[in-house]
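Computed from a predicted structure; not experimentally measured. Letters go in sequence order (proteins before strands), and every chain restarts at 1. Note that these values count all heavy atoms, side chains included, but never hydrogens, waters or copies made by symmetry.
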There are 2 protein chains.
Amino acid sequence: MSMFITRKTDYAIRCILYLSKDLDRIATVEEISKAVHVPKTFMAKILQQLMKAGIAGSVRGIKGGFQLARNPEDINLLEVIEAIQGPSAANICALDKKACSLSGTCAVHTVWVELREEVNSRLKSWDFGKLTDRENRLSHRAKCDKR
Amino acid sequence: MSMFITRKTDYAIRCILYLSKDLDRIATVEEISKAVHVPKTFMAKILQQLMKAGIAGSVRGIKGGFQLARNPEDINLLEVIEAIQGPSAANICALDKKACSLSGTCAVHTVWVELREEVNSRLKSWDFGKLTDRENRLSHRAKCDKR
DNA sequence: TTAAAACAGGTCTTATTTAGTCCTCTTTAG
DNA sequence: CTAAAGAGGACTAAATAAGACCTGTTTTAA
């Protein structure tokens with residue numbers, strides 16, 4: 001039903017969130033995929049895309065695996081989305097510029113542009129430092145509720 | 001590439017924009033589809049969806065056609081999107097609540113909720129009165145530029 | 001009263017995108 | 001030199017989007 005965030009992107013986010021928990025550790029695809037409940041081969045593909053975007057780094061060979069290539073605070077939601085779904089994921093309008101401006105004067109297009117700008121700046125403001133903090137607070141609260 | 005707005009929704013918006021130009025006129029599917037460059041049978045489907053949502057009204061039989069069921073000012077972008085893509089189009093998160101909260105404490109989910117609220121309120125604020133005005137201003141400017 | 005022009009709406013097909021799988025290759029610690 | 005890891009291309013399957021088709025009903029006007 002045409003969502004903004006695909007499953008793949010969601011997996012990528014969970015993966016980064018997982019890697020944020022221990023920055024020194026080198027985690028294998030197997031480990032990550034189990035932790036975030038994602039098929040191993042699919043997770044591998046996602047990690048490769050994150051590498052190309054300079055978000056994750058890898059160590060090859062036995063004892064190899066993945067790590068974040070930067071600090072969680074320096075990775076934001078917008079770039080993760082773009083790394084996985086492509087840069088045009090931020091384009092809200094379905095059509096390319098030619099088709100959109102076929103009437104010459106597309107009033108709606110300007111609305112999409114404004115909206116995209118707002119959404120992008122909000123996504124950019126969420127880095128994985130903040131997200132991890134928030135997650136920790138939430139899980140702490142959940143624990144307290146249980147008792 | 002997973003856009004927020006599908007082609008179908010874009011067609012619907014153009015269609016409403018067209019119908020906003022002359023509220024007394026009853027336009028046939030043929031006329032509308034030519035005006036907005038959309039296959040006739042597809043346009044017909046879209047108009048039926050707009051009818052179910054109470055946005056468009058139809059007159060059957062020869063001399064029949066479509067009209068807006070309300071004033072352009074009383075139709076906003078959000079409801080058009082939801083009429084065509086379904087109510088969950090506004091859901092930015094790809095997963096349903098169960099899957100999303102599988103970890104119990106999904107920090108990202110709350111971000112999506114906030115974002116969705118912002119986007120929805122902005123979309124709601126754009127009615128077709130405003131959009132038509134904006135289009136008119138744009139086309140007037142384009143004309144002046146030509147001279 | 002009937003033919004033609006229009007909408008109503010269900011089913012079907014096709015194209016595109018998303019979500020994965022599979023297989024072969026390379027790297028590297030022990 | 002071998003086993004355990006990643007690299008990466010090719011492939012397949014499922015879901016969604018986009019559109020075509022066909023049969024029916026309504027309505028006006030000759």
Side-chain angles (χ1 to χ4, degrees), chain A residues 1-15 19 25-34 36-53 56-67 69 81 83-86 88-89 91 93-96 99, chain B residues 1-15 19 25-34 36-53 56-67 69 81 83-86 88-89 91 93-96 99:
Chain A
M1 200 140 276
S2 161
M3 319 277 188
F4 185 59
I5 298 294
T6 65
R7 206 137 91 206
K8 197 173 177 185
T9 303
D10 188 77
Y11 291 165
I13 292 170
R14 287 163 190 279
C15 170
L19 293 177
R25 176 181 188 64
I26 291 182
T28 66
V29 176
E30 178 110 34
E31 177 191 335
I32 300 171
S33 74
K34 278 185 181 162
V36 301
H37 304 99
V38 173
K40 187 180 160 188
T41 58
F42 198 33
M43 189 79 261
K45 290 297 181 197
I46 293 169
L47 279 160
Q48 280 174 31
Q49 282 186 266
L50 291 177
M51 281 191 56
K52 275 183 194 149
S58 77
V59 176
R60 296 184 66 163
I62 194 169
K63 294 272 176 188
F66 292 89
Q67 265 184 321
I81 293 172
I84 303 297
Q85 299 182 198
S88 59
N91 267 56
C93 180
L95 311 174
D96 44 38
Chain B
M1 198 140 280
S2 159
M3 320 277 187
F4 185 60
I5 297 294
T6 66
R7 205 136 93 207
K8 197 172 175 186
T9 303
D10 189 77
Y11 291 165
I13 292 170
R14 287 162 191 280
C15 170
L19 293 177
R25 177 180 187 64
I26 291 181
T28 66
V29 176
E30 178 110 35
E31 177 191 334
I32 300 171
S33 74
K34 278 185 180 162
V36 300
H37 304 99
V38 173
K40 188 180 159 187
T41 59
F42 199 33
M43 188 79 260
K45 290 296 183 200
I46 293 169
L47 279 159
Q48 280 174 31
Q49 282 187 265
L50 292 178
M51 280 190 55
K52 273 182 195 150
S58 76
V59 176
R60 296 185 66 163
I62 193 171
K63 293 274 177 184
F66 292 87
Q67 267 184 320
I81 293 171
I84 302 297
Q85 299 182 197
S88 59
N91 267 56
C93 181
L95 311 174
D96 44 39

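Partners of Lys63(B) under the side-chain hydrogen bond (donor to acceptor under 3.5 Å, both in side chains) rule, at least two apart in sequence or in another chain, do not exist in this structure. Applying the side-chain hydrogen bond (donor to acceptor under 3.5 Å, both in side chains) test to Gln48(A) and every residue at least two apart in sequence or in another chain returns nothing.
Rounded to an integer number of Å, the gap from CD1 of Ile46(A) to P of dG20(C) is 8 Å. Here the P atom of nucleotide dA20(D) and the CE atom of Met43(B) are 13 Å apart, to the nearest Å. Atom CZ in Phe42(B) sits about 12 Å away from atom C1' in dT16(D), given to the nearest Å. Atom CD of Glu31(B) and atom P of dA5(C) are 17 Å apart (whole Å). Remark: C1' of dG9(C) and CD of Gln49(B) are 12 Å apart, rounded to the nearest angstrom. The CD1 atom of Ile32(B) sits 19 Å away from the P atom of dA5(C) (whole-angstrom rounding). Straight-line distance from the NZ atom of Lys8(B) to the P atom of dT16(C): 18 Å, rounded to whole Å. When rounded to the nearest whole Å, the span between CD1 of Ile26(B) and C1' of dA5(C) equals 14 Å.
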From CA spacing to verdict: side-chain contact (heavy atoms from CB on, under 4.5 Å), Ser58(B), Leu47(B)
CA-CA 9 Å; Ser58(B) 76; Leu47(B) 279 159; over 6 Å; no
Would Phe66(A) and Val29(A) count as a side-chain contact (heavy atoms from CB on, under 4.5 Å) if you check the C-alpha gap in whole Å, the side-chain angles of each, and the deciding distance to 0.1 Å?
CA-CA 7 Å; Phe66(A) 292 89; Val29(A) 176; 3.4 Å; yes
Pair Thr9(B), Ile46(B) - check side-chain contact (heavy atoms from CB on, under 4.5 Å), show working.
CA-CA 8 Å; Thr9(B) 303; Ile46(B) 293 169; over 6 Å; no
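The phosphate of dG19(D) has OP1 or OP2 within less than 4.0 Å of a side-chain N or O from Tyr11(B). Residue Thr41(A) places at least one side-chain N or O under 4.0 Å from the OP1 or OP2 atom of dT21(C). Residue Arg7(B) places at least one side-chain N or O under 4.0 Å from the OP1 or OP2 atom of dG19(D).
No side-chain donor-acceptor contact under 3.5 Å links Gln49(B) to the backbone of Gln85(B).
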In B/S/- notation (B base, S sugar-phosphate only, - none; protein heavy atoms under 4.0 Å), nucleotides 3-12 of chain D written 5' to 3' is -BBBBBBB--
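Taking CD of Glu31(B) as the start and NZ of Lys40(B) as the end, the distance is 12.0 Å to the nearest 0.5 Å.
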